[in-house]
Protein chains: 2
Amino acid sequence: MLGYLTVSPSTTDSRLLALAQSFRTTLRHAVYLSRSMDSDGELTTMQMSTLSMAAEEPLRVSRVAANLGVRVPSATEQIIKLEQAGLVIRRPDPTDSRAVLVQLTGPGRDAWTAASTRRNERVAALLDQLDDDERATLAAALPVIEKLTSTA
Amino acid sequence: MLGYLTVSPSTTDSRLLALAQSFRTTLRHAVYLSRSMDSDGELTTMQMSTLSMAAEEPLRVSRVAANLGVRVPSATEQIIKLEQAGLVIRRPDPTDSRAVLVQLTGPGRDAWTAASTRRNERVAALLDQLDDDERATLAAALPVIEKLTSTA
DNA sequence: GGTAAATGTTAGGCTACCTAACTGTGAGCC
DNA sequence: GGCTCACAGTTAGGTAGCCTAACATTTACC
């Protein structure tokens with residue numbers, strides 16, 4: 001199955017490549033899982049992330065964009081929708097009149113808490129199908145994956 | 001950080017919920033990682049998956065759709081683009097004239113191999129930053145995650 | 001104070017997805 | 001055989017999210 005990889009005179013260790021291939025496959029499936037877990041019909045993953053960030057403290061549109069991995073205009077678009085839904089408000093940054101702070105409203109916090117709880121329970125139900133060893137293995141790997149995502 | 005979860009008189013074990021929350025966060029970051037690893041500019045993740053499936057054996061449009069997690073018309077759309085790019089051909093299923101088989105062409109196989117190799121190398125470079133223990137931990141967790149995604 | 005950089009917004013366009021409606025084929029049943 | 005219904009794809013039309021480019025406003029730097 002990995003035969004075709006050997007055509008490139010790899011500068012990279014082949015065991016590393018094999019793990020990379022498995023990891024990539026799992027990653028693809030995980031994306032699929034993530035999508036199915038997040039299809040509440042109420043809030044999109046991006047909206048959840050935005051609310052989650054704003055829940056900690058008001059932040060700028062540009063930071064929302066950076067955290068979501070999209071351009072500023074796309075973030076603006078989403079934030080305006082959240083504002084129209086009454087979940088956030090936009091107010092000028094007192095320290096910089098160019099900037100706009102995105103701040104969670106009460107209903108916004110409620111909506112985020114509710115959606116987050118629902119999703120956690122859905123994932124917990126999935127994790128319940130694992131045995132203790134498997135859960136321990138998974139838990140141990142999470143920091144490793146985080147390390148990968150942060151250095152990417 | 002998890003305080004707000006206790007407001008729901010959870011029917012679920014709280015340790016499970018805590019793991020679920022961490023898992024969900026990592027999952028979100030992994031999605032981001034996956035996107036950045038897959039932004040070749042040449043083939044989208046969906047196209048890669050489609051070619052990957054067709055590389056094993058010709059398959060129906062409906063199966064492509066199911067595997068990609070999209071509706072049939074969306075799969076048709078993507079497959080037509082792949083066909084226009086010369087990477088696959090569509091031919092009637094000899095055993096059922098209603099069905100259409102998606103089959104990889106030579107250039108399609110080449111394109112897929114090249115893109116896959118490039119992505120593996122990119123991920124391998126990332127994995128190279130981990131130490132042996134971390135890689136072992138990650139490798140052990142992949143089957144567990146696969147189990148989750150398959151039962152979802 | 002004048003130029004350049006930074007922050008958002010608006011405008012316009014692209015792509016991928018969806019549902020609904022349609023064509024054509026297979027399967028079951030008189 | 002012919003009817004009816006289910007199935008496989010395609011086409012048509014619409015929506016949502018993302019992008020780049022162009023703009024207004026404010027800040028930062030000589």
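Order of the sequence lines fixes the chain letters, A, B, ..., with proteins taken first and strands second; residue numbering starts at 1 for each chain. Keep in mind that what you see is a predicted model, and the values were worked out from it rather than measured. Values reported hereafter were calculated over all heavy atoms of this structure, with side chains retained and with hydrogens, waters and symmetry mates removed.
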In terms of heavy-atom contacts, does [atom1] of [X] have more than 12 from other residues, nucleotides or ligands at under 6.0 Å?
X: B:Arg122; atom1: CZ; answer: yes
X: B:Arg35; atom1: CZ; answer: yes
X: B:Arg90; atom1: CZ; answer: yes

ask   = Quick one: does B:Asn67's side chain get under 4.5 Å of B:Ser49's, heavy atoms only?
value =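 A side-chain contact under 4.5 Å is absent here.
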ask   = Do A:Arg135 and A:Leu138 have side-chain heavy atoms sitting under 4.5 Å apart?
value =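 In short, these two side chains do not touch, never coming nearer than 4.5 Å.
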query = Of B:Pro73 and B:Gln78, whose nearest nucleotide on DNA chain C comes first from the 5' end?
reply =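 The answer here is B:Gln78.
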message = Under 4.0 Å from OP1 or OP2 of C:dT9: is there any side-chain N or O of A:Thr76 that close?
response =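 Yes, because at least one side-chain N or O of A:Thr76 sits under 4.0 Å from OP1 or OP2 of C:dT9.
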query = Does A:Ser74 place a side-chain N or O at less than 4.0 Å from the phosphate oxygens OP1/OP2 of D:dG17?
reply =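 For A:Ser74, the contact criterion (side-chain N or O under 4.0 Å from OP1 or OP2 of D:dG17) is not met.
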Integer-rounded Å distance: [N] [atom2] and [X] [atom1]:
X: B:Arg90; N: D:dT11; atom1: CZ; atom2: C1'; value: 12 Å
X: B:Leu68; N: C:dT15; atom1: CG; atom2: C1'; value: 15 Å
X: B:Asp93; N: C:dG24; atom1: CG; atom2: C1'; value: 15 Å
X: B:Arg35; N: D:dC19; atom1: CZ; atom2: P; value: 8 Å
X: A:Gln84; N: D:dA16; atom1: CD; atom2: P; value: 12 Å
X: A:Ile80; N: C:dT7; atom1: CD1; atom2: C1'; value: 14 Å
X: A:Ile79; N: C:dT10; atom1: CD1; atom2: P; value: 12 Å
X: A:Arg71; N: C:dA6; atom1: CZ; atom2: C1'; value: 15 Å

First of A:Ser97 and A:Gln47 reached from the 5' end of DNA chain D, by closest nucleotide =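 Result of the comparison: A:Gln47.
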ask   = Mapping A:Lys81 and A:Arg98 onto DNA chain D by nearest heavy atom, which one lands closer to the 5' end?
value =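 Residue closer to the 5' terminus by nearest nucleotide: A:Lys81.
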message = By the 4.0 Å heavy-atom rule, please label B:Val72 as base, sugar-phosphate, or nothing.
response =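 The answer is base, as B:Val72 lies within the cut-off (heavy atoms under 4.0 Å) of a base atom.
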inquiry  = Nearest to the B:Glu77 side chain among C:dC17, C:dT25, D:dC18, which nucleotide is it?
reply    =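 Out of C:dC17, C:dT25, D:dC18, the nucleotide with an atom closest to B:Glu77's side chain is C:dC17.
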